[in-house]
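In what follows, a structure is listed as structure tokens, so that the remarks can point back to it.
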Amino acid sequence: MYSASPSIHPLPAAPRTSGVALPSGLGAGGRGKDKAPCKYVHFEVDYDGPEDDETMDVDEAAVPDRRQSTVTISSTSDEPAGPKRIPVDARLPIGLGPTGKLTKPSPPQWVNCDLRHFDATVLGKFHVIMADPPWDIHMSLPYGTMTDDEMKAMPIPELQDEGLLFLWVTGRAMELGRECMQAWGYTRVDEVVWVKTNQLQRVIRTGRTGHWLNHTKEHMLVGIKTHTNPDGSLKWPTWINRGLDTDVIVSEVRETSRKPDEVYGIIERMCPGGRKVEIFGRRHNARPGWITLGNQLGQDMIHDPELAERIRARYPDRKIVNAAIQVAR
């Protein structure tokens, strides 16, 4: 996330090297020797994480409310230069997710399938679902799309009893996505906006989508599936971390349909650990701690022995590479 600082005065033009002044600002001259200074303030989450890869249990009663404490960290000239680690007792007390402990994420896993015709019950239940569906937005697209009825019939309810759904939408799918969420049993609680930039970190002006205006952004709806209190209000799962990130991502566009990597960080901070699945993914979406589902992934790669056995029992002729038990059938 980038924010212009009012305390920083406009910078003079960089020295002329070829008769043309370099522009100042984010990304100006980023690939050359005459890189201009950046006039923006850069923000990132300051979180050290666990000290090692060992499993760490948590006593929830001992975790203070992070909204009720403020920590000021000062430095002196006698301290060595370089990054400083935050003392353990001063770190942001982020919840540890559904299991209450941090564990090393499993290697990337994927299942090559068309979920319209695949028995989703063999996959089990997930705490997090992210989907980038091939919506029919009534425009010419470089990939096949699904009808509205096919989208509403997707077996999303079978994948989750309680948890979060992150649903990418654009164009007319912004309304259709809300309808699908309701049909699947979710309540939309928020959304994230991805502002698309080019290699110069400037907002793109020739987006492929948009009937009336060129779209330079996409939306990701955030839905929750949970129980309600007696008064009808949503009962948030205790393992969800709220209020850690903002709802805007400013990131460069890449391949067709590829979403920014920053979104994974947002989701993984909201739900550390737990089971996560990405639907309609491609090989570049495969990520540690996630299971990717899609019809362009090639041979299945599964490290969870129990999941491999469930799929093999349901589809005996299906070829699976299971690195955990070194089985290929």
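Values reported hereafter were calculated over all heavy atoms of this structure, with side chains retained and with hydrogens, waters and symmetry mates removed.
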**Full working for side chain to side chain contact (heavy atoms under 4.5 Å, CB included) between F118 and V111** = CA-CA 10 Å; F118 187 80; V111 178; 4.2 Å; yes

Just by modelled atom types, is the [Y] backbone N or O under 3.5 Å from a matching donor or acceptor in the [X] side chain?
X    : Y    : answer
R188 : G223 : no
N112 : L297 : yes
E252 : T197 : no
K259 : D132 : no
W110 : Q299 : yes
N241 : R269 : yes
N229 : G232 : no

Nearest 0.5 Å, what's the [atom1]-[atom2] distance between [X] and [Y]?
X    : Y    : atom1 : atom2 : value
I267 : K276 : CD1   : NZ    : 8.5 Å
I279 : C113 : CD1   : SG    : 9.0 Å
D300 : I320 : CG    : CD1   : 5.5 Å
H284 : Q296 : NE2   : CD    : 9.0 Å
L244 : I266 : CG    : CD1   : 10.5 Å
T226 : E162 : OG1   : CD    : 4.5 Å

Decide yes or no for [X] and [Y]: does some side-chain heavy atom of the first lie under 4.5 Å from some side-chain heavy atom of the second?
X    : Y    : answer
I291 : R275 : yes
R310 : D119 : no
D247 : V222 : no
P157 : K225 : yes
I224 : P237 : yes
W184 : I129 : no
T187 : L234 : yes
W135 : M151 : yes

Between [X] and [Y], what is the shortest heavy-atom contact and its length?
X    : Y    : answer
W168 : P260 : CH2-CD, 4.2 Å
H117 : Y315 : O-OH, 4.3 Å
V128 : Q160 : N-NE2, 3.6 Å
P272 : P98  : O-CD, 3.3 Å
L123 : L159 : CD1-CD2, 4.0 Å
D304 : Q109 : N-OE1, 3.0 Å

**Prompt:** Taking everything shown except K235 itself, do over 12 heavy atoms lie less than 6.0 Å from its NZ?
**Reply:**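 Atom NZ in K235 is not packed in, count stays at 12 or less.
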
**Message:** Can you confirm whether E150 is buried at CD, in the sense that more than 12 heavy atoms of other residues, nucleotides or ligands lie under 6.0 Å from that atom?
**Reply:**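 Correct, the count exceeds 12.
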
**Asked** How would you list, by chain and number, every residue that makes a side chain to side chain contact (heavy atoms under 4.5 Å, CB included) with K152, sequence neighbours excluded?
**Response**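 With sequence neighbours excluded, K152 shows a side chain to side chain contact (heavy atoms under 4.5 Å, CB included) to L176, E179, C180, given in chain and number order.
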
**Residues that N285 engages under side chain to side chain contact (heavy atoms under 4.5 Å, CB included), provided they are two or more places apart** =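 Only Y264, E278, R282, T292 meet the side chain to side chain contact (heavy atoms under 4.5 Å, CB included) criterion with N285.
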
**Message:** side chain to side chain contact (heavy atoms under 4.5 Å, CB included) for Y186 and L221? Distances and angles first, verdict last.
**Reply:** CA-CA 11 Å; Y186 291 82; L221 306 180; over 6 Å; no

**CA sep, side-chain torsions, deciding dist, call: S233, D231, side chain to side chain donor-acceptor pair (under 3.5 Å)** = CA-CA 6 Å; S233 60; D231 61 357; 2.7 Å; yes

**Request:** For the pair E309 and R312, evaluate salt bridge (charged side-chain N to carboxylate O under 4.0 Å, His left out) and give the outcome as yes or no after the intermediate values.
**Result:** CA-CA 5 Å; E309 288 301 325; R312 190 175 295 115; 2.8 Å; yes

**ring-ring contact (aromatic ring centres under 6.0 Å, His included): pairs with one or both residues in residues 219-242, sequence neighbours excluded** =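 Every ring-ring contact (aromatic ring centres under 6.0 Å, His included) pair that includes a residue of residues 219-242, provided the two are not neighbours, is H127-W239.
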
**Request:** Output, in order, the C-alpha distance, side-chain angles, deciding distance and verdict of side chain to side chain contact (heavy atoms under 4.5 Å, CB included) for K196 and K217.
**Result:** CA-CA 6 Å; K196 301 179 180 181; K217 60 179 174 57; 5.7 Å; no

**Prompt:** Do D261 and R254 sit within salt-bridge range, that is, some charged N less than 4.0 Å from a carboxylate O?
**Reply:**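 Looking at D261 and R254, the cut-off is met.
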
**Message:** Assess the residue pair R172 and D148 against the criterion (side chain to side chain contact (heavy atoms under 4.5 Å, CB included)); give the C-alpha distance rounded to whole Å, side-chain angles, the decisive distance to 0.1 Å, and a yes or no.
**Reply:** CA-CA 11 Å; R172 65 180 291 270; D148 297 358; 2.8 Å; yes

